[in-house]
Amino acid sequence: MSVIISSGASHKKLNVPGEKEFLGKGVSYCATCDGPFFRDKDVIVVGGGDSSVQEALYLTKFAKTVTLIHRKDRLRATKILQERAFNNPKMKLLLSSVVAEIYGDETVKGVWIKSTIDGKEIKVSVSGVFIFVGYVPNTLFAGNILKLEGSGYISTDNNMKTSVPGIFACGDARNKMLQQVVTATGEGAAAAFSAQEYVDELKGTAYK
Ligand SMILES: Cc1cc2nc3c(=O)[nH]c(=O)nc-3n(C[C@H](O)[C@H](O)[C@H](O)COP(=O)(O)OP(=O)(O)OC[C@H]3O[C@@H](n4cnc5c(N)ncnc54)[C@H](O)[C@@H]3O)c2cc1C
């Protein structure tokens, strides 16, 4: 028998009031999926890394304003992305700030923003809250069995073999550079092929 793990990865949550309640009603983790719903609206983007700045820039194609909120006093994103963001007239930057609460009725109407310096809170009216504060692999169940790398991604070789013979892994759960559908499906094919070879070897029917 062989096993292929393809449990993917999940977005990190802010875990603030309103985040769960307004998911799909103004709260989103995907600018490419939901950006067009916010044409001429004010939105905020939470995060300070490359993906948050990239997604914020993408949102400027639709939104009236995009306010990037980051808990630290400077962004972690690469300089070129920061320059693009700062030069975009639709972009605003709010540093040393966190989202304390997302409020609304049927849909999001705004957020309470808390300063990480003096704890003061301000109310900001927005229609959309896009959250990009990281990605975590769904691999908790594998931690005691397989070798993990980075922040819990499954270590494999190029043939999708993990540290345990007979167990293979593919897709976003794997430690790799690019997390995309096209890479996940290719790795799925490679994992299936490797798993088949492993079973054939166990049965003594491997083609040599
Ligand atoms: C919001 C969003 C937008 C994206 N947009 C794009 C895009 O435009 N283009 C692109 O190429 N890529 C995009 N991606 C990335 C792409 O979706 C992933 O790279 C791809 O889906 C990874 O495939 P996967 O099979 O590894 O994981 P997934 O597609 O995430 O599938 C993992 C599955 O495993 C299940 N699972 C998790 N844990 C367990 C468990 N313990 N037991 C059983 N099942 C479990 C999950 O419920 C899920 O069904 C996007 C991702 C997100 C989140």
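This chain uses plain numbering: 1 for the first residue, then up along the sequence. Given the structure is predicted, the values throughout are model-derived calculations rather than measurements.
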Backbone of A192 reached by a side-chain donor or acceptor of S194 within 3.5 Å = no
Should the heavy atoms of other residues, nucleotides or ligands under 6.0 Å from CG of N144 be counted, would the total exceed 12?
-> no
Please tell me if the side chains of T67 and V45 come closer than 4.5 Å, counting only heavy atoms from C-beta onward.
-> no
Between CD on residue E197 and OG on residue S2, distance to nearest 0.5 Å | 11.0 Å
Atom of F22, atom of V108 and distance for their closest heavy-atom approach = CB-CG2, 3.6 Å
State, with a plain yes or no, whether a side-chain heavy atom of E121 is found less than 4.5 Å away from one of I113.
-> no
Quick one: does L81's side chain get under 4.5 Å of L57's, heavy atoms only?
-> yes
Linked, directly or transitively: V124 and V46 (ILVMFWY side chains, under 4.5 Å) = yes
Would you give the length of the straight line joining atom CD1 of I44 to atom CG of L59, rounded to the nearest 0.5 angstrom?
-> 11.5 Å
Once the angle between the rings of Y198 and F168 is folded into 0 to 90°, is it parallel (under 30°), tilted (30 to 60°) or perpendicular (over 60°)?
-> perpendicular
Gap separating the CD1 atom of I4 from the SG atom of C170, nearest 0.5 angstrom | 6.0 Å
Side-chain (K13) to main-chain (H11) donor-acceptor, under 3.5 angstrom = yes
Counting heavy atoms not belonging to D118, are there more than 12 under 6.0 Å from its CG?
-> yes
Least distance between heavy atoms, S52 atom then G47 atom = OG-C, 3.2 Å
Does K114 reach the main-chain N or O of S97 with its side chain, forming a donor-acceptor pair under 3.5 Å?
-> no
Would you say T139's side chain and A142's backbone share a donor-acceptor pair under 3.5 angstrom?
-> no
Rounded to the nearest 0.5 Å, the CZ atom of F62 sits from the NZ atom of K41 at a distance of 13.0 Å
Please answer: with hydrophobic residues joined when any side-chain heavy atoms are less than 4.5 Å apart, are I131 and V16 in the same cluster?
-> yes
Does a side-chain N-to-carboxylate-O contact under 4.0 Å join E106 and K25?
-> no
Has the side chain of N159 got a donor or acceptor atom that lies under 3.5 Å from a matching backbone atom of K161?
-> no
Is there a side-chain contact between V129 and V43 (heavy atoms, below 4.5 Å)?
-> no
Side chain to side chain, F141 and I5, heavy atoms closer than 4.5 Å = yes
Donor-acceptor contact below 3.5 Å, side chain N87 vs main chain E83 | yes
P17 to A100 - nearest heavy-atom pair and separation = CD-O, 3.4 Å
Residue pair I69, V98: steps toward the side chain to side chain contact (heavy atoms under 4.5 Å, CB included) verdict = CA-CA 7 Å; I69 295 181; V98 291; 5.9 Å; no
Following the transitive rule for hydrophobic clusters with a side-chain heavy-atom cut-off under 4.5 Å over Ile, Leu, Val, Met, Phe, Trp and Tyr, establish whether V126 and I122 coincide in one cluster.
-> yes
Single-linkage hydrophobic cluster, 4.5 Å side-chain cutoff, V111 and L94 together | yes
ILVMFWY cluster, L23 and L14 together (side-chain gap under 4.5 Å) = yes
Do F86 and L75 come within less than 4.5 Å of each other through their side chains, counting heavy atoms only?
-> yes
Just wondering, do K92 and T65 contact through their side chains at under 4.5 Å, heavy atoms?
-> yes
Are N15 and E19 close enough that a side-chain donor and a side-chain acceptor fall under 3.5 Å?
-> no
Do the side chain of D50 and the main chain of T78 share a donor and acceptor less than 3.5 angstrom apart?
-> yes
side-chain contact (heavy atoms from CB on, under 4.5 Å) partner of T183, the single match among M177, R174, K176 = K176
Is a side-chain donor-acceptor pair under 3.5 Å present for N138 with S10?
-> yes
Under 3.5 Å, is there a donor-acceptor pair between the side chain of Q82 and the main chain of A77?
-> yes
Between S96 and D73: side-chain donor-acceptor atoms closer than 3.5 Å = no
K123 to Y103, cation-pi by 6.0 Å centre distance and 45° axis angle | yes
Looking only at non-hydrogen atoms, find the nearest pair between A173 and S7 and report the distance.
-> CB-OG, 3.9 Å
Might you work through the ring pair (Phe, Tyr, Trp, His ring centres under 6.0 Å) test for F130 and F38, ending with a clear yes or no?
-> CA-CA 11 Å; F130 287 81; F38 295 88; 5.3 Å; yes
Polar contact flag, side-chain donor to acceptor under 3.5 angstrom, Y153-D172 | no
Check whether any side-chain heavy atom of T162 lies under 4.5 Å from a side-chain heavy atom of T156, and answer yes or no.
-> yes
State, to 0.1 Å, how close P165 and S163 come at their nearest heavy-atom pair, and which atoms those are.
-> CD-O, 3.9 Å
Taking all heavy atoms of A31 and all of Y58, pick out the closest pair and write down the distance.
-> O-CE2, 3.4 Å
NZ of K90 to CG of N88, rounded to nearest 0.5 Å, is 7.5 Å
Considering residues at least two apart in sequence or located in another chain, which fulfil the side-chain hydrogen bond (donor to acceptor under 3.5 Å, both in side chains) criterion with S28?
-> D34
Measure the CG-OG distance between D42 and S127 for me, rounded to the nearest 0.5 Å.
-> 6.5 Å
Before giving the answer on side chain to side chain contact (heavy atoms under 4.5 Å, CB included), spell out for I102 and W112 the whole-Å C-alpha distance, their side-chain angles and the decisive distance to 0.1 Å.
-> CA-CA 6 Å; I102 301 164; W112 279 97; over 6 Å; no
